[in-house]
Structure formats: C-alpha cells, structure tokens
Amino acid sequence: MKTADTITIAGLEKPVKRIALGTWAIGGWMWGGPDDDNAIRTIHRALDHGINFIDTAPVYGFGHSEEVIGRALEGGKRKDVVLATKLGLAWTDEQKVFRDSRPERVRQEVEDSLRRLKTDVIDLEQVHWPDGKTPVEETAHELEKLRKEGKIRAIGVSNFSVQDMDRFGAVTPISTIQPPYNLFERATTERNILPYAEKHNAIVMAYGPLCRGLLAGKMTSETTFSKDDLRSSDPKFQAPNFERYLAAVEGLKAIAARHDKSMLALAIRWILDQGPTVALWGARKPEQIEGIDEALGWHLGDDDKAEIEAILNKHVPDAIEPDFMAPPQRD
Ligand code: NAP
C-alpha cells in the first residue's frame, strides 16, 4: 500500500518511509574515503527523522558500509529498521569490481552480509547487477532457497532489463527494482521500469535521486572533485555539460522557491510523485539529513510538472544516462 510518505514492500510487514538512507558514500570507496564517526551520526540522525529504511551493498567500501551500519544499529536499533543490501558484485585484491551472481557466490555473500550487519536476517536482498554469464534463473533459485531458510525476507533486483526481470520473476517474486532515477536520469526507468513495477506490484527504489549532488542545488561551475570521486569520470560534471546542468538547476530552483522548498526537496518530491517509488537519499554527514522532512507531505501540481519538462527540454534535451557506472563482466 502506498500513502504520500510510506509504502509497503511485498513480503515485508513493516511499511517503510518513502525516503531511504543510501549508504554508498558512507563506505568511502569512490567518494573520497570513509569518515565513520560522521557516518554513524548520520545514520542515527536519519532514524531520529523517522527514516526506517537503509540501503547498502557489500561493494560499498568492500564491506565497510555494511560494517558501519552494523555498528550503528547495535544496542536495540536494528528492530526499528528495514535493512536492504545487495549481492552479485565481487572484487579482486586490487579492488577491481566485477559481476558474479553464481549460486555459491550468492550464498557466501548473504552469510558475509549477515555477519557484517550483525543481524540474523536481511529484510531485502537485491541482485546489484545482472551477471551476463550466470542464468538469472540460477541466481533467483538460490535466493528463493535462502528466503525459505529464513536468512532473507524479500528479494529485489537492480539494473535489470525487463527481459531479465521476466525470467527472474518466473522463479521468485520481485518485490523491489532499483534503477537510477532522478530529474536528469529518467529515460530508461520511465520507459521500462516504472510500467513493469506498476504491473507486477513491485516498488521502484530510485538511486542517485540527487544526481550525485547536482540536484542538491549547491554546486557552481567552480565546484571540483578529487580523483577518487566518481564525479571526476561522470560526463555530466565536465565542461561544457556541467554548465548546462547547472543552468537547469537554476530554473528548477525557481519552482522550488514558489513552494517555499529547497531544490533538494523538489528533486525528491518529483520522484515520489512519479509512481510507487522510494528515493534513496545518499547522505554521509548528519546535517545533510536535515532537509528530509521538507520533501514529505506535499505534491507537485500539473502546472509544476509541465514547467519542469520545459526547463529540462530547454537546457538538457539530450540528457546523459549513467551508463558509465556499469561494472564489467567476470573473465
Ligand atoms: P545521490 O543521493 O543522488 O547524491 C549523493 C550526493 O548528494 C552527495 O554528493 C552528497 O553530497 C549530496 N547530498 C546529500 N544530502 C545533501 C544535502 N542535504 N545538501 C547537499 N548535498 C547533499 O546519490 P548516490 O549516493 O549516488 O545514490 C544514493 C544511494 O543509491 C546510494 O547511497 C546507494 O545506496 C544507492 N545506489 C545504488 C546503485 C545501484 O547500482 N543499485 C548505484 C548508485 C547508488 P556530499 O558529496 O557533500 O556528501
């Protein structure tokens, strides 16, 4: 069931807030390194603001994000949270990431995540990227076995095509789908994923809702990124694209101001008004949580939506999808 601000995931009892805490940056890898004290305070601040849904993955800091979450939830907080993690990416000693969803890897990853998260059950286990070398049915079958064993409660997929979801869903129900989705990265999700989710009673967990910070509205053409920051290799953040995206943000800010809202609240609200969605807010500092309440409890009107389309068409008619993030196949 979906309300303005909560939604229920098939297979789980507790309704979740439609803003979840995304914890990739908390792992440090590709985000300029970890800062555990700030990370733990961020998680606690999110819980204080009623966020009861946390998304992580083993690959975020090569286990580090999961470990930090496990520590943050010690002392009784675990029961208040719906914990979502992922599997299907492996890495070498040199931290080269590749896809691996073979059944034996699936089982090992669930055991590793349970240990790092200091829990005895994972609420939502998602396949991070399809593994082109393992039939999706084999991955789905192993996950279904783990669900029956009580180690995971619900199953989701991320970065899957409709064809792969059809095959996977024939083995075990898909409760959630996690694609990139934000004002600047929307084409594939609107064409394929949202219609599929509506038809199959799945929830869309929109990743990158702030477009890696661009839609937080605080960047300028002077903003720079360290070498270990993925935005150094994201074409949106390079000239001349960066200026076009920043111009679009300036236009969008005027709509946000009309509602007496921040740019960031507008970006999140837009996602929540598009269908059965949850936005994965990628925060790593406690103060970044403060804006969350502003995104809840209101709606964009048809006139706002039409104006948003006009701004996007004017400044970024050829919007760049986040294909650069896709990890390689295994050898
Ligand atoms: P995001 O939420 O779109 O953006 C994160 C960026 O927003 C960070 O740069 C952060 O700034 C900035 N930010 C957050 N709160 C802010 C605030 N209050 N004021 C100003 N800036 C703020 O992007 P994301 O982290 O890429 O994605 C969110 C989550 O989605 C991830 O954590 C992860 O859980 C999930 N994800 C999944 C996949 C997948 O393949 N399934 C891929 C990507 C992400 P700072 O840099 O200053 O901290």
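All ligand and atom numbering here is 1-based and tracks the order in the structure.
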Side chain to side chain contact (heavy atoms under 4.5 Å, CB included) partner of Leu124, chosen from Met205, Arg153, Gln178: Met205

Parallel, tilted or perpendicular: rings of Trp29 and Trp24 (30°, 60°): tilted

Aromatic plane relationship, Tyr181 with Trp270 - under 30° parallel, 30 to 60° tilted, over 60° perpendicular: tilted

Whether over 12 other heavy atoms sit under 6.0 Å from His49 NE2: yes

With Ala10 via side chain to side chain contact (heavy atoms under 4.5 Å, CB included) - residues at least two apart: Ser175, Asn201

Distance-minimising heavy-atom pair for Thr189 and Pro179: OG1-CB, 3.5 Å

Contact residues of ligand 1 (heavy atom under 4.0 Å), by chain and number: Gly22, Thr23, Trp24, Trp31, Asp55, Tyr60, Lys86, His128, Trp129, Ser158, Asn159, Gln178, Tyr207, Gly208, Pro209, Leu210, Cys211, Arg212, Gly213, Ala216, Lys218, Arg231, Leu264, Leu280, Trp281, Gly282, Arg284, Lys285, Gln288

